[in-house]
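Chain naming here is simple, since letters A, B, ... match the order of the sequence lines and numbering starts at 1 in each.
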2 protein chains.
Amino acid sequence: MAPRPAEFVFEQTISFVLARTSTAFRNSLEKSMATIGLHAGQAFVLIELWKRNGQRQIDIASQLNLAAPTVSKMIKGLVEINLVRVQKVEDDARSTRAFVTEKGLAIRAEVETQWHELEEYTLADLNETERLILFDLLSKLRNTYTGRDPEEDE
Amino acid sequence: MAPRPAEFVFEQTISFVLARTSTAFRNSLEKSMATIGLHAGQAFVLIELWKRNGQRQIDIASQLNLAAPTVSKMIKGLVEINLVRVQKVEDDARSTRAFVTEKGLAIRAEVETQWHELEEYTLADLNETERLILFDLLSKLRNTYTGRDPEEDE
DNA sequence: TTTATTTTATTAGCTGGCTAACCAAATAAG
DNA sequence: CTTATTTGGTTAGCCAGCTAATAAAATAAA
């Protein structure tokens, strides 16, 4: 491990910039999703269900690297606004599967539009090469923090 | 603005990866700071005060791109554990200035050590070039989201 | 000078995250 | 078969963020 410099400047660490950027981005995402009546966390759950409908909460949590209670709350919110319904699994009385409703399916186009808009705004100052590199580097960081196997998503 | 592709894959957007990476990083930072009895948010306030002691809450909020109530709570927590004290400004009865206590000054070395350790862990899979590029790209994103003037930090 | 506006900070209440503790069901061990 | 462990989910309670609403002080405007 590299030695800690004598005069440590927090602002010049990637950790610092990543943290501040994260917060700022989160606000933007929340605002973006709010325009279509969603919270950011709910959008992530929907994205997961659009990919594989009927997942159990623990599966969603695993995919998004979230804790079980976090997903539990998000799904509760989605059920309340009729975008998702839950259904007991017949052969396992512990788990419940989450399914998108018709309304939950219908909202996908709006989410995509908003998401794409935010993405463009995010990357406005970056050229194509920078975009590819940033995606790659962020993916590496994610793998580092979550200990996940790269390329395990399809 | 580029057209939204026919089949939109959320997972392949930088927004998606950034969001998931952010959450994972936040957890790591929180755990890291917890080893020295701090919360992540409190660390950021301390970092600001170490740089310029006696700042008003609104100054700190501005520097960190946080809302006033957020900083208010963080400082309250820091005061409770005797790392920060607040003092009324004599010529402006609205604002209070925050100062690090002796204990708040003394903890700096520990925070630096922990921070540096997390930074090394974060960047373990990245070479020097990638580190520089990542810092630069994240800074760009931060500027995009916060609308801040680049290079305004010293 | 009086009134209107802006500024600083706090409180209340929300979502996004977490851990700890708990329950019930499924499975493994004995 | 009975007990112990693991697993899926919820509840409670915490911090990191936010907005809206409020209060008080400072400033600008009339």
Side-chain angles (χ1 to χ4, degrees), chain A residues 18-35 37-46 54-81 86-98 145-146, chain B residues 18-35 37-46 55-62 64-81 86-98 145-146:
Chain A
L18 177 55
R20 303 327 316 155
T21 305
S22 299
T23 299
F25 169 73
R26 264 288 169 172
N27 292 342
S28 299
L29 179 60
E30 186 69 28
K31 271 174 191 151
S32 171
M33 291 300 108
T35 65
L38 281 181
H39 290 289
Q42 298 175 335
F44 283 104
V45 171
L46 285 176
Q55 289 188 70
R56 297 172 305 164
Q57 298 191 187
I58 197 176
D59 299 325
I60 298 170
S62 169
Q63 286 290 317
L64 296 173
N65 305 115
L66 294 174
T70 302
V71 175
S72 184
K73 281 190 211 171
M74 289 170 178
I75 288 184
K76 184 181 288 185
L78 284 167
V79 169
E80 275 171 12
I81 58 178
V86 291
Q87 188 176 314
K88 273 290 169 189
V89 176
E90 61 288 343
D91 59 334
D92 190 332
R94 290 170 304 180
S95 29
T96 54
R97 295 191 179 280
Y145 293 128
T146 61
Chain B
L18 177 55
R20 301 327 315 153
T21 305
S22 299
T23 299
F25 169 73
R26 263 290 170 169
N27 292 342
S28 298
L29 179 61
E30 186 68 27
K31 273 176 190 149
S32 171
M33 291 299 109
T35 66
L38 282 181
H39 290 289
Q42 298 175 334
F44 283 104
V45 171
L46 285 175
Q55 289 188 72
R56 298 173 305 164
Q57 297 190 188
I58 197 177
D59 299 325
I60 299 170
S62 169
L64 296 173
N65 305 115
L66 293 174
T70 302
V71 175
S72 183
K73 283 189 207 170
M74 288 171 179
I75 287 184
K76 184 181 287 185
L78 284 167
V79 169
E80 276 172 11
I81 58 177
V86 291
Q87 188 177 312
K88 274 289 168 189
V89 176
E90 62 287 344
D91 59 333
D92 191 332
R94 290 171 302 180
S95 27
T96 54
R97 295 192 178 279
Y145 293 128
T146 62

Rounded to the nearest 0.5 Å, how far does CE of B/Met74 lie from CD of B/Gln57? 11.5 Å
Rounded off to whole Å, could you give me the CG-to-C1' distance for the A/Asp91 and D/dG8 pair? 13 Å
Check for a donor-acceptor pair, side chain of B/Gln87 on one end and backbone N or O of B/Arg97 on the other, with a separation under 3.5 Å. no
Value in whole Å for how far the C1' atom of C/dT5 lies from CZ of B/Arg94: 12 Å
Report yes or no: does A/Ser22 contribute a side-chain atom to a donor-acceptor pair with the main-chain N or O of A/Leu18 at less than 3.5 Å? yes
Given atom CD1 of A/Ile58 and atom C1' of C/dA26, what is their separation to the nearest angstrom? 13 Å
Nearest-nucleotide comparison on DNA chain D, the residue closer to the 5′ end among A/Arg97 and A/Arg20: A/Arg97
As a test of reading the structure: which of D/dC18, D/dG9, C/dA25 is closest to the side chain of B/Leu66, going by heavy atoms? D/dC18
Could you state the atom-to-atom distance from CZ of B/Phe44 to C1' of D/dC15 in whole Å? 13 Å
Given C/dA9, D/dT19, D/dA25, identify the nucleotide with an atom nearest to the side chain of A/Lys31. D/dT19
Between CD1 of A/Ile60 and P of D/dG9 the distance, given in whole Å, is 9 Å
Rounded to the nearest angstrom, tell me the gap between atom CG in A/Asp92 and atom C1' in C/dA26. 7 Å
So which one's nearest nucleotide on DNA chain D is more toward 5', A/Asn27 or A/Ala68? A/Ala68
Counting only N and O atoms by type, is there a donor-acceptor contact under 3.5 Å from the side chain of B/Thr35 to the main-chain atoms of B/Lys31? no
Counting heavy atoms from C-beta on, name the nucleotide in C/dA26, C/dT19, C/dA9 closest to the side chain of B/Thr96. C/dA9
When the distance from CG of A/Leu64 to C1' of C/dC18 is rounded to whole Å, what number comes out? 15 Å
Between C1' on D/dT10 and NZ on A/Lys88, what's the gap in Å once rounded to a whole number? 10 Å
I'd like a table of atom pairs between the protein and nucleotides 11-15 of chain C - only N or O on both sides, under 3.5 Å - with the distance next to each one.
{"from": "C/dT11", "atom 1": "OP2", "to": "B/Lys76", "atom 2": "NZ", "distance (Å)": "3.0"}
{"from": "C/dG13", "atom 1": "O6", "to": "B/Lys73", "atom 2": "NZ", "distance (Å)": "3.2"}

By ring-ring contact (aromatic ring centres under 6.0 Å, His included), which residues pair with A/Phe25, not counting sequence neighbours? B/Tyr145
With sugar-phosphate meaning primed atoms plus P, OP1 and OP2, does A/Thr70 contact a base, only sugar-phosphate, or nothing at under 4.0 Å between heavy atoms? base
Please work out if B/Ala93 contacts a base, only the sugar-phosphate, or nothing of the nucleic acid, heavy-atom cut-off 4.0 Å. sugar-phosphate
Is there a side-chain contact between A/Thr23 and B/Asn65 (heavy atoms, below 4.5 Å)? no
Are side-chain heavy atoms of B/Ile81 and B/Gln42 found at a separation under 4.5 Å? yes
Looking at the base of C/dT8, is there any donor atom on it, or on the side chain of B/Arg56, that sits under 3.5 Å from an acceptor on the other one? no
